[in-house]
Enquirer: 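The structure's right below; bear with me while I get my questions together.
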Amino acid sequence: MRIAVPAEKPEERRVAMTPSVAVRLVEDRHTVVIESGAGAAAGFPDDQYREAGAEVTSDPYSGADLVAVVGPPTPDQASLIDEGGSLVGFLDPFDADELVKVLTNRNITSFAMEAIPRTTLAQSMDALSSQATAAGYHAVLLAAVATPRFFPMLTTAAGTIAPVKLLVLGAGVAGLQAIATARRLGASVSAYDIRPEVREQIESLGAKFVAAPVDESAAAATGYATEVSDETQRRQQEALGKVVADMDVVVTTAQIPGSPAPLLVSREMVERMRPGSVVVDVAAPTGGNCELTKPGETVTHGGVAILGPTDLASRVAIDASQMYSRNLASFLSRLTDENAGLTFDWDDQIVSDACVTHDGRVTHPVVRRSLGLEVEE
Ligand code: NAD
């Protein structure tokens, strides 16, 4: 099939396909077409794609069987995809009415990387996990730069410096990577998650599990957390308040799929922190875990810096692109027939779950619901 990779929005540094993945797809008899400059911000100049056997062009869309992206295209970009073509990427489909309208009007079959089921079978395609790994890692590096302290304990002729006290709230994929990174930098790390089963994972990374309410019922069958009651949230904040006040750095990563991020660090809690402390809110793109977070900005409140980065994975563009494009290639292998053509096996749950639009209609039940369309049970 002819796979096209257009340039992303200017603020996105990642690219959907790296030259090393392009080589593999070309070996598998696909044609790879990349928009000139698409890989530049991720450190992959056009020449590397040419060497990989890809075509470099200013018009990647025409004639493409499938367009591969990192972030959702604008409705105008989606209009450039050939009618009846296909699209794969993070499409943010639960919040993209206009885009979905263009995709159905143009009869485009679209697949959202974020809708791929997070099963063992689909692990190699799990771009949510690979990009959360990049985000959790970089969040700690941002904290290390923002804090006016050393992370590790230092024993020097000028005396001993205590290690930074760092708390990670939410210990999913990003949180566990944040713990591991902070430990490598020598911080004294504690962590907390509403799901009790995470305790063991936190401790196995050498961090201390913070005693705050956990909720057996917060762990959905999918492994994700669900929303907790107001009462649990109140008890959580009460318990975390004392812990947070004693921290030099807090990295928050708690998310609930399909809902705004839970509020874990209130304004009062920030006001009890020492000046010079830092909060890095990895959940900023979905509203943030800290009441004072402003997505995409750094706010200073009473000497405490609250960072709300929304482009963490993009800041690790080379490796995040490498991981993303491997995830993507793994998914594409399920859309490929024995003659390297495009095929849809709707009996394959990974393919059917990830599909957002096909044949001029919205197929994904959650997207249908968000658009007010009838959902077949
Ligand atoms: P996520 O980004 O949705 O959430 C991050 C963390 O926030 C989760 O650990 C969640 O429990 C926590 N959280 C939510 N509300 C909270 C609250 N009020 N207080 C404290 N913490 C709160 O999740 P994720 O990192 O994408 O994945 C979560 C889990 O999904 C993983 O730990 C794993 O169990 C499962 N998972 C499974 C697979 C697989 O089987 N292939 C792949 C990826 C993830």
Side-chain angles (χ1 to χ4, degrees), residues 90 92 94 112-137 139 167-181 190-205 207 209-241 243-244 250-266 269 279-291 310 312-313 323 327 330-331 349-350 353-354 366:
F90 279 128
D92 199 10
F94 312 117
M113 291 298 279
E114 57 268 65
I116 289 177
R118 298 180 86 182
T119 56
T120 309
L121 190 62
Q123 235 164 18
S124 63
M125 303 159 218
D126 187 352
L128 280 176
S129 285
S130 70
Q131 303 307 293
T133 299
Y137 167 82
L167 173 68
V168 175
L169 296 177
V173 179
L176 292 173
Q177 187 56 235
I179 294 170
T181 307
S190 321
Y192 163 73
D193 196 287
I194 189 76
R195 293 180 297 128
E197 71 265 28
V198 182
R199 180 183 193 132
E200 218 174 84
Q201 295 170 30
I202 290 172
E203 289 174 347
S204 74
L205 289 171
F209 187 79
V210 166
V214 290
D215 188 345
E216 299 285 347
S217 63
T222 51
Y224 286 122
T226 52
E227 273 176 287
V228 295
S229 66
D230 289 351
E231 173 56 15
T232 305
Q233 190 171 353
R234 192 195 58 73
R235 287 196 300 121
Q236 242 184 357
Q237 286 189 10
E238 195 178 87
L240 289 176
V243 184
V244 166
V250 178
V251 178
T252 66
T253 76
Q255 309 250 21
I256 299 160
S259 302
L263 177 65
L264 298 178
V265 181
S266 64
M269 285 158 80
V279 177
V280 180
D281 196 340
V282 179
T286 53
N289 296 137
C290 175
E291 191 177 349
T310 51
L312 283 166
M323 293 161 98
N327 296 144
S330 177
F331 180 64
Q349 203 198 342
I350 297 174
D353 278 12
V366 181

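Read the numbers this way: they start at 1 and go in the same order the structure lists the ligands and their atoms.
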Enquirer: Show the atoms of ligand 1 that are less than 4.0 angstrom away from any heavy atom in Pro257.
Expert: 3 (O)
Enquirer: Please state which option from Thr120, Asp193, Ile116 has its nearest heavy atom closest to atom 10 (C) of ligand 1.
Expert: Asp193
Enquirer: To the nearest 0.5 Å, tell me how far Ile350 CD1 sits from Thr119 OG1.
Expert: 5.0 Å
Enquirer: Taking only heavy atoms of Asp126, which atoms of ligand 1 are found under 4.0 Å from at least one of them?
Expert: 42 (C), 43 (C)
Enquirer: Does any non-hydrogen side-chain atom of Leu263 lie less than 4.5 Å from one of Gln233?
Expert: yes
Enquirer: Show the atoms of ligand 1 that are less than 4.0 angstrom away from any heavy atom in Ala254.
Expert: 7 (O), 13 (N), 16 (C), 21 (N), 22 (C)
Enquirer: Would you check whether Thr253 reaches within less than 4.0 Å of ligand 1, judged by its heavy atoms?
Expert: yes
Enquirer: Any side-chain heavy-atom pair from Glu200 and Phe209 closer than 4.5 angstrom?
Expert: no
Enquirer: How about Phe331: does its CZ atom have over 12 heavy atoms from other parts shown lying under 6.0 Å from it?
Expert: yes
Enquirer: Under 4.0 Å from a heavy atom of Gln123: which atoms of ligand 1 are those, numbered in the order shown and with their elements?
Expert: 41 (N)
Enquirer: Do any N/O atoms on Gly172 end up under 3.5 angstrom from N/O atoms on ligand 1?
Expert: yes
Enquirer: Going by the atom numbers of ligand 1, which of them fall below 4.0 Å from some non-hydrogen atom of Val173?
Expert: 25 (O)
Enquirer: If the cut-off is 4.0 Å to any non-hydrogen atom of Ser129, which atoms of ligand 1 fall inside it?
Expert: 42 (C), 43 (C)
Enquirer: So which bit of Ala171 gets within less than 4.0 Å of ligand 1, heavy atoms only: side chain, backbone, both or neither?
Expert: backbone
Enquirer: What pairs with Val173 under side-chain contact (heavy atoms from CB on, under 4.5 Å), at least two apart in sequence or on another chain?
Expert: Arg118, Ser129, Ala132, Thr133
Enquirer: Step through the shown structure and confirm whether more than 12 heavy atoms of other residues, nucleotides or ligands are within 6.0 Å of CD on Glu203.
Expert: yes
Enquirer: Looking only at heavy atoms, which two atoms of Ala139 and Val251 are closest? And how far apart?
Expert: CB-CG1, 4.1 Å
Enquirer: Working to the nearest 0.5 Å, report the span between CG of Asp193 and CZ of Arg199.
Expert: 12.5 Å
Enquirer: Taking 4.0 angstrom as the limit and counting only heavy atoms of Thr119, give me the atoms of ligand 1 inside it, by number and element.
Expert: 41 (N)
Enquirer: The criterion is side-chain contact (heavy atoms from CB on, under 4.5 Å); which residues satisfy it with Glu231, sequence neighbours excluded?
Expert: Ser229, Arg234, Arg235
Enquirer: Given Glu197, Gln255, Arg118, Glu114, identify the one with the heavy atom nearest to atom 26 (O) of ligand 1.
Expert: Arg118
Enquirer: With heavy atoms under 4.0 Å as the rule, classify the contact between Gln236 and ligand 1 as side chain, backbone, both or neither.
Expert: side chain
